[in-house]
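Chain naming here is simple, since letters A, B, ... match the order of the sequence lines and numbering starts at 1 in each.
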Amino acid sequence: MTFLSIYRSLHRHYGPQHWWPGETLFEIMVGAVLTQNTAWSNVEKAITNLKRARALSLSKIAAMPVQELARLIKPAGYFNVKARRLQNFCHWLQQQGGEKIVQQWDDNRLRHGLLSVNGVGPETADDMVLYAFERPVFVIDAYTRRLFARLGLVGGDEGYETLRHLFESGLSKTVKQREEQVKLYNEYHALIVIHAKDVCRKRPRCGECCLRRQCAAVE
DNA sequence: ACCCAGGGTCATA
DNA sequence: TATGACCATGGG
C-alpha cells in the first residue's frame, strides 16, 4: 500500500468532497480556529451566530469585546479560549495589512506567520494554508495519525512536521505539479475525516477499523 | 451517564 | 523532550 493507493480507495468509495465548507477566505480561517477539537456541527452554529450578528468580518471580530465574541461562538465549545484565539488572529492579520497582503507571501512565510499567533498551532495553520490560501501542505490531524498507524504506513508517534513531510514526499513522487498537489491534499484530508466518522459511527469500539480514541491501538 | 470531537497552551519535571 | 491539566458545547 502506498499513500496514493489509499487515496484512490477512499476517493472511489466516498467520491469528491469539495472542502472546505465556508464561503470566503476569512470564513474558512475562522472555521479553522473554531473547529479545534470540536465537532463541525457545533462550529456551524457558531458561524451562523456570527453571520446573524453581522460580525463575521476581520474588523468586527478584531474590535468586538472579547466577552461578546465568546457569547456568539458559545456553541463551538471552549468559547473563552477560542474568543481570545480568534481575536489574537484577527489582530495579527490586521497588523500585517489584511488578507490581500498576506496572500502575496510565499508558502513558508505564510505558514510561519500564522504559527506565530497564540492559539494557532500546526493543524489550524495548515487548514488555513491549504484550504484558504490553496498552498500545498498536507494537514495532519488525529484521524490521520490513527488511520495510517493502523495501516502500518507510519508509527503514529512522529512529530507533526515529520508526519507532514512523510505524506508530502510520499505523494510527490507521482504528483509534482503544485496545483495538483493542492487538489490532492485538499481531497485527501477531507476523505480521511469523512472516512473516520463513517467507520466510527458504524462500529464503535470494534478494536479494528474504528478510529475513535479508545479503539485505536495508538495513543 | 459516558464518550468524544477536523487542537493548543501552559506548567511542571 | 515529554507528560498532564485545562478548556466546554452538543450529538450519538
Worksheet item: Parallel, tilted or perpendicular for A:F138 and A:Y188, by the 30°/60° rule?
Response: perpendicular

Discussion item. Say we look at B:dG8 and C:dG10: how far apart would their P atoms be, to the nearest angstrom?
Written reply: 22 Å

Worksheet item: When we call it a touch if two heavy atoms are under 4.0 Å apart, what does A:N118 touch: a base, just sugar-phosphate, or nothing?
Response: sugar-phosphate

Item to complete: For A:L34 and C:dA8, give me the distance from atom CG to atom C1', rounded to whole Å.
Response: 13 Å

Discussion item. Measuring to OP1 and OP2 of B:dA5, would you say a side-chain N or O of A:S41 lies under 4.0 angstrom away?
Written reply: no

Worksheet item: Does a side chain donor of either A:R52 or A:N49 reach within less than 3.5 Å of an acceptor in the other side chain?
Response: yes

Practice prompt. Scan A:V43 against the nucleic acid and name what it touches under 4.0 Å (heavy atoms): base, sugar-phosphate only, or nothing.
Written response: nothing

Discussion item. Let me spell it out: for each of A:V193 and A:L115, pick the nucleotide of DNA chain B with the closest heavy atom. Which residue's pick is nearer the 5' end?
Written reply: A:V193

Item to complete: Side chain of A:R85 only, please: which of B:dC4, B:dT9, C:dT9 is the nearest?
Response: B:dT9

Worksheet entry | Donor on one side chain, acceptor on other, A:Q36 and A:T124, under 3.5 Å | yes

Item to complete: Please figure out whether A:N37 or A:K45 has its closest DNA chain C nucleotide nearer the 5' end.
Response: A:N37

Worksheet entry | Atom-pair distance (CG on A:D141; P on B:dC4), nearest Å | 16 Å

Worksheet item: Whole Å only: how far is the CZ atom of A:R145 from the C1' atom of B:dA5?
Response: 16 Å

Worksheet entry | Value in whole Å for how far the P atom of C:dG10 lies from NZ of A:K74 | 9 Å

Item to complete: Ignoring the backbone of A:E123, work out which of C:dA8, B:dG8, C:dG10 is nearest its side chain.
Response: B:dG8

Worksheet item: Hey, does the side chain of A:R213 come within less than 4.0 Å of B:dA5's phosphate (OP1/OP2), counting only N and O?
Response: yes

Response to the item:
Pairing partner of B:dA1, by Watson-Crick or G-U wobble and under 3.5 Å for both distances, is none

Fill in: d(CD1, A:I47; P, C:dT9) in whole Å
18 Å

Worksheet item: When you check the side-chain N and O atoms of A:K82 and A:T38, is any donor under 3.5 Å from an acceptor?
Response: yes

Discussion item. Rounding to an integer number of Å, can you tell me how far A:I73 CD1 sits from C:dC7 C1'?
Written reply: 12 Å

Discussion item. From OH of A:Y78 over to C1' of C:dC7, roughly how many Å is that when rounded to an integer?
Written reply: 6 Å

Worksheet item: So, is A:R71 near the phosphate of C:dT9, with a side-chain N or O under 4.0 Å from OP1 or OP2?
Response: no

Worksheet item: When the distance from CH2 of A:W40 to P of C:dG12 is rounded to whole Å, what number comes out?
Response: 17 Å

Fill in: Any side-chain donor near an acceptor of the partner, A:D198 and A:Y14, under 3.5 Å
yes

